[in-house]
Asks: 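My questions all concern the structure below.
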Amino acid sequence: MNGDILHHAPHHRGTAFAPEAMARMLAVSTTALAQGRGITLDVGVLTGTPPRLIGNAETVSSLCNALAASAIASAAPGRLGLRLSALPSGEDSVVFRAELHGRYEVKCEDGFSKDFMRRLLAGLGAQMSMTEEADGSRRAVLDMPAALPSRTTDGELLMNWARSRGGRLLVVDDSATNRMVVAGLLAKAGFSVETANGGAEAVEAVAQAPVPPEAVLMDVAMPDMDGATATATIRRMGDDRARIPIIAVTANAQPEDRIRCLAAGMNDYLTKPVRRADLLGALERWLAPQPA
């Protein structure tokens, strides 16, 4: 890929951005170049990507545009796919990922070496990897640091958000009382709630539902299959179900418990006894707006 379009990327910190809006802007900004080369660029945001992130918004946008434009410039007529997503990497941090797949050449012209590009990206807090598929196509993965916005704590704002949004949720807990309490809090806020009495039942519910839940509220310590194991199993599913937001709701409040949950692939972490504002604040960080 041509390295010269990556330089001069802006480097501003702490700006809010919306991945969906960024995807739309990417599609618009690359339309002329793509059409001129007979290329269709399919830009989308993967399920489970938070609706808002905090980071070097202009740098992220510049690097994503550079990735797409570089691939278009070196591709034969055909189709390229660019997917944006976010991977949990800490309590309030994520890795924002742009993954481009298709048939394009890898070139470094005008004296820009691969080592120079690597150092340049590292200076911007980003890194990129490239793999070649068996069919000759290539997959470039560009990772950039980002953070989740602080949880909203205003109960009235959260209730208004929940009632206007709605959606289907799955509450998982081996305690019938805990299931009833959490499900009741969410139902009063306007969500449609299903329940599972353990990790194995949760995995089955996610795997077999014609339309999977939009998010899972997962207990951690359960006798049949614990929440970390259930989460890891869901993350290995081969479609959008693998990216469903999963929020731990647990009595385990030690730092190592939080680390274990996030390492298993959970997106967020709440401790019992849980308050409705905390539940809604976590969901508001992870649930994308309902399509119009």
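Worth saying up front: this structure is predicted, and the values here are computed from it rather than measured. Positions are given from 1, in the same order as the sequence printed here.
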Asks: For a 4.5 angstrom cut-off between non-hydrogen side-chain atoms, does P50 reach R285?
Replies: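 Not in contact.
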Asks: Tabulate below the donor-acceptor pairs under 3.5 Å that side-chain atoms of residues 214-222 make, not counting sequence neighbours, or state none.
Replies:
from	atom 1	to	atom 2	distance (Å)
E214	OE1	R165	NH1	3.1
E214	OE1	R165	NH2	2.6
E214	OE2	R165	NH1	3.4
E214	OE2	R168	N	3.4
D219	OD1	K272	NZ	3.3

Asks: For the atom pair CG (D143) and CZ (F96), what is the distance rounded to the nearest 0.5 Å?
Replies: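 Rounded to the nearest 0.5 Å, the CG-CZ separation comes to 10.5 Å.
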Asks: For R37, give me all partners under side-chain hydrogen bond (donor to acceptor under 3.5 Å, both in side chains), at least two apart in sequence or on another chain.
Replies: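 Counting only residues at least two positions away or on another chain, R37 forms no side-chain hydrogen bond (donor to acceptor under 3.5 Å, both in side chains).
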Asks: Between L87 and R97, is there a side-chain heavy-atom distance shorter than 4.5 Å?
Replies: yes
Asks: How many angstroms lie between atom CE of M159 and atom CG of D154, to the nearest 0.5 angstrom?
Replies: 12.0 Å
Asks: Is there side-chain contact between I247 and L270, with at least one heavy-atom pair below 4.5 Å?
Replies: yes
Asks: Could you tell me the separation between the CD atom of E20 and the CE atom of M25, rounded to the nearest 0.5 Å?
Replies: 14.0 Å
Asks: Rounded to the nearest 0.5 Å, what separates atom CG in L186 from atom NZ in K188?
Replies: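 L186 atom CG to K188 atom NZ measures 11.5 Å (nearest 0.5 Å).
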Asks: Let me see the working for D268 and R258 under salt bridge (charged side-chain N to carboxylate O under 4.0 Å, His left out), right down to the final yes or no.
Replies: CA-CA 9 Å; D268 220 322; R258 183 185 298 269; 5.6 Å; no
Asks: Are L142 and L100 close enough, and set up right, to give a side chain to side chain contact (heavy atoms under 4.5 Å, CB included), and what steps lead you there?
Replies: CA-CA 8 Å; L142 176 63; L100 190 143; over 6 Å; no
Asks: Within a strict 4.5 Å, meaning less than it, do heavy atoms of the L41 and I72 side chains meet?
Replies: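 Counting from C-beta outward, L41 and I72 do come under 4.5 Å.
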Asks: Report the distance from atom CG of L262 to atom OG of S89, rounding to the nearest 0.5 Å.
Replies: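 Nearest 0.5 Å value for the CG-OG distance: 9.0 Å.
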Asks: Could you tell me whether the side chain of W286 reaches within less than 4.5 Å of the side chain of I244, counting heavy atoms only?
Replies: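 No, every pair of side-chain atoms sits at 4.5 Å or beyond.
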Asks: Can S62 and N65 be counted as having a side-chain donor-acceptor contact under 3.5 angstrom?
Replies: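 No, no side-chain donor-acceptor contact under 3.5 Å.
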Asks: Around atom CD of E156, are there more than 12 heavy atoms of other residues, nucleotides or ligands at under 6.0 Å?
Replies: no
Asks: Output side-chain donor-acceptor pairs under 3.5 Å for residues 123-136, partner residues at least two apart or in another chain, one line each.
Replies:
from	atom 1	to	atom 2	distance (Å)
D135	OD1	S137	N	3.0
D135	OD1	S137	OG	2.6

Asks: Quick check for you: to the nearest 0.5 Å, what is the distance between L82 atom CG and T30 atom OG1?
Replies: 8.5 Å
Asks: Flag the pair E284 and R52 as a salt bridge only when some basic side-chain nitrogen lies within less than 4.0 angstrom of an acidic carboxylate oxygen.
Replies: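 Counted as a salt bridge, because a side-chain N and a carboxylate O are separated by less than 4.0 Å.
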Asks: Does a side-chain heavy-atom distance below 4.5 Å link D257 with R260?
Replies: no
Asks: Looking at R83 and D42, is there a salt bridge between them, counting it only when a charged N and a carboxylate O are closer than 4.0 Å?
Replies: yes
Asks: Any Lys/Arg nitrogen of R151 or D278 sitting under 4.0 Å from an Asp/Glu carboxylate oxygen of the other?
Replies: no
Asks: For the residue pair D239 and T47, establish whether any side-chain heavy-atom pair is separated by less than 4.5 Å.
Replies: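 SC-SC contact between D239 and T47 ruled out.
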Asks: Does atom CE of M225 have more than 12 heavy-atom neighbours from other groups under 6.0 Å away?
Replies: yes
Asks: So do F191 and V171 actually touch side chain to side chain, heavy atoms under 4.5 Å?
Replies: no
